[in-house]
Amino acid sequence: ASAGCPLDLSIAKSAKYDTTPIAEHEILFGVSFKREGIPEWKPMTNYYGVTESGTVYFCSPSPILYPYLLELFLEEWFGVAPGSGEQSGGCTVTACYREIPVFHTDRLKAEGYSVVLDEPFDGDALNLDVWTYRGEGERAAGFFSSSQAAVADGNLILTGEYLNDGAYGEGWYGVAVSLKDWYCRGYYESRIQCCMTTGKGNGDLYSAFWIQGPSPYDPEQSQGGAGPGGAELDILENFGPDCTTCTVHVSGYEGNTGISSQHAEIFSQGNNYVDEYHVYSLLWTEDYYAYYLDGVLLNHTGFGYGTSPAPEEVILSMTVPNGISVSPDVNRIMYVDYLRIWQKP
């Protein structure tokens, strides 16, 4: 309607439509459609296009990104963003292919950003002028203890394990470290090898890289993420060798006094987060949050009532969940190669 084209739409979701067209003209969201002119699926790639026959297709490793890809498509072909109320002069779309480029930090310098923190984890101990241990003591189904953090061979090493004689008694131990300085907006990037974990939800420790506002769970303070309480921005929560997630959490959004979340889960892309390092990053601007994995866009969102205006705490953690069901003899290790932050003056 914003393009000036009345449409008669039929929406279908069924495996048979992967190979069998449902209509003469289709708009397809997914990676398994077999149509002449649609390229073979490319893991860890965001792309969209139009075939010679007029089929429009959108492919992404992160289905939550489809609305953003659609927005890019409409802006290119009709010159207006969805919901603007403006009318286009026509609806002619020619065959094309568009691929969202991988993010490179060269872009940041061109846009006026500079590095404000570069932590390579050199030396043999955590720099306590820069870092602090977060949440020492009882934590969910276990404990957080500084004893579980070390620096060696150019890595921050966070360990999760069951200890019979831990600092706070017998039980499961993890650890969280956070920057003493808090940051508002900018680009946050860390290269991480995640610990092994048995899956999403309670049952095992897991690796996380996240940013937390001063009061994101208080609806009067968070105000849908746009208030002084800010938001929780999970850049990485890993739940398996080829399953990772990124999330925005706010409170006070659309009348909800609890937590409202927008969650992206990326799996079966041929990655190995446990045995390999990967780069996890977030570009946080006045208008949107853009989450990346190895430079591939996973979500582009202004979820809530706008992006957080608050300085927030940057955290790396070997996270202890609310319940653990794995054997006490397992050992979980997370390696962090570096953390860098870029900001504008």
Side-chain angles (χ1 to χ4, degrees), residues 119-121 124-128 130-180 188-212 232-247 249 272-282 293 313-339:
E119 173 58 270
F121 297 110
D124 57 8
L126 192 65
N127 183 351
L128 296 181
V130 176
W131 295 91
T132 187
Y133 297 104
R134 185 180 191 273
E136 284 279 291
E138 189 172 348
R139 167 74 181 193
F143 307 94
F144 273 176
S145 173
S146 60
S147 63
Q148 302 306 114
V151 174
D153 301 322
N155 282 276
L156 170 66
I157 305 170
L158 304 181
T159 302
E161 59 188 330
Y162 192 92
L163 296 176
N164 293 310
D165 56 353
Y168 301 101
E170 182 178 358
W172 285 99
Y173 279 77
V175 62
V177 299
S178 64
L179 293 172
K180 288 185 172 180
Y188 302 77
E189 179 181 282
S190 187
R191 184 171 179 263
I192 297 171
Q193 181 176 322
C194 296
C195 73
M196 179 59 192
T197 189
T198 52
K200 187 177 180 181
N202 293 334
D204 203 347
L205 293 86
Y206 61 91
S207 303
F209 169 34
W210 49 300
I211 306 175
Q212 186 184 70
E232 179 183 323
L233 309 173
D234 296 339
I235 304 170
L236 156 69
E237 287 186 313
N238 176 260
F239 296 111
D242 196 3
C243 178
T244 193
T245 69
C246 56
T247 312
H249 299 288
N272 187 334
Y273 306 116
V274 174
D275 296 325
E276 303 167 353
Y277 285 90
H278 290 269
V279 177
Y280 304 87
S281 57
L282 167 70
L293 169 60
E313 182 181 16
V314 181
I315 307 160
L316 292 157
S317 61
M318 169 67 67
T319 305
V320 178
N322 291 324
I324 300 180
S325 58
V326 293
S327 171
D329 61 0
V330 304
N331 188 264
R332 304 306 190 205
I333 304 176
M334 171 183 175
Y335 298 93
V336 185
D337 180 32
Y338 66 78
L339 170 66

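Residues: numbered from 1 along the sequence shown.
- A search for ring pair (Phe, Tyr, Trp, His ring centres under 6.0 Å) contacts involving Trp172 returns Tyr162, not counting sequence neighbours.
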**Study point:** Candidate pair Ser190 and Leu316, rule side-chain contact (heavy atoms from CB on, under 4.5 Å), full reasoning
**Key:** CA-CA 10 Å; Ser190 187; Leu316 292 157; 4.3 Å; yes
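- Distance alone, capped at 3.5 Å, is enough to place a donor-acceptor pair between the Thr197 side chain and the Leu205 backbone.
- Side-chain atoms of Gln148 and Leu158, non-hydrogen and from C-beta on, never get closer than 4.5 Å to each other.
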Check your understanding: Could you go step by step and tell me if Ile157 and Val151 meet the side-chain contact (heavy atoms from CB on, under 4.5 Å) rule?
Key -> CA-CA 6 Å; Ile157 305 170; Val151 174; over 6 Å; no
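- Residues Ala167 and Tyr173 approach most closely at N-OH, 3.3 Å, considering heavy atoms.
- For Phe209 and Tyr280, the ring centers are positioned 6.0 Å apart or more.
- When side chains are defined from C-beta on, Val336 does not count as touching Asn155, because their heavy atoms never get closer than 4.5 Å.
- Put simply, the side chain of Gln193 never gets that close to the backbone of Tyr273: no donor and acceptor are under 3.5 Å apart.
- The shortest side-chain heavy-atom distance between Met334 and Cys194 does not fall under the 4.5 Å cut-off.
- Scanning for ring pair (Phe, Tyr, Trp, His ring centres under 6.0 Å) contacts around Tyr133 gives an empty result, with sequence neighbours left out.
- Ser207 places a side-chain N or O within donor-acceptor distance of the main-chain N or O of Cys195, the cut-off being under 3.5 Å.
- Among all heavy-atom pairs drawn from Pro321 and Asp204, the shortest one is CG-O, 3.2 Å.
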**Study point:** Full working for side-chain contact (heavy atoms from CB on, under 4.5 Å) between Ser178 and Thr132
**Key:** CA-CA 5 Å; Ser178 64; Thr132 187; 3.3 Å; yes
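- Counting all heavy atoms, side chain and backbone alike, Asp329 lies closest to Ser327 at OD1-OG, 2.6 Å.
- In this structure, Arg332 and Thr159 have side chains that are not in contact, with every pair of non-hydrogen atoms separated by 4.5 Å or more.
- A distance of 12.0 Å separates CG of Asn238 from SG of Cys246, quoted to the nearest 0.5 Å.
- Although no hydrogens or angles enter the test, the distance criterion places no donor-acceptor pair under 3.5 Å between the side chain of Asp234 and the main chain of Leu236.
- The main-chain N or O of Glu170 is never found under 3.5 Å from a side-chain atom of Asn164 such that the two would form a donor-acceptor pair.
- Shortest non-hydrogen contact noted between Phe121 and Leu339 is CE1-N, 4.1 Å.
- In this structure, CD1 on Ile235 lies 8.5 Å from CD1 on Ile192, to the nearest 0.5 angstrom.
- Residues satisfying the salt bridge (Lys or Arg N to Asp or Glu O under 4.0 Å) test with Glu313, not counting sequence neighbours, are Arg134.
- In this structure Tyr338 satisfies the ring pair (Phe, Tyr, Trp, His ring centres under 6.0 Å) test with no other residue, sequence neighbours excluded.
- Below 30°, between 30° and 60°, or above 60°: for Phe239 and Tyr206 the angle between ring planes is between 30° and 60°, a tilted geometry.
- For the pair Ile315 and Val177, the minimum side-chain heavy-atom distance is 4.5 Å or more.
- Judged as a salt bridge (Lys or Arg N to Asp or Glu O under 4.0 Å), not a single pair has a partner in residues 138-166 (not counting sequence neighbours).
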**Study point:** Worked verdict on Phe143 versus Val320 for side-chain contact (heavy atoms from CB on, under 4.5 Å)
**Key:** CA-CA 7 Å; Phe143 307 94; Val320 178; over 6 Å; no
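- When all heavy atoms are compared, the tightest approach of Ser317 to Trp210 is OG-NE1, 3.1 Å.
- Of all heavy-atom pairs between Val175 and Ala149, the closest is CG2-CB, 4.0 Å.
- At least one donor-acceptor pair under 3.5 Å links the side chain of Ser145 to the backbone N or O of Ser147.
- Considering CG of Leu179 and CG of Asn127, their distance stands at 10.5 Å, rounded to 0.5 Å.
- Under the rule for a ring pair (Phe, Tyr, Trp, His ring centres under 6.0 Å), Tyr335 has no partner lying at least two apart in sequence or in another chain.
- Contact annotation: the side chain of Leu156 approaches that of Leu126 to within less than 4.5 Å [non-hydrogen atoms, C-beta and beyond].
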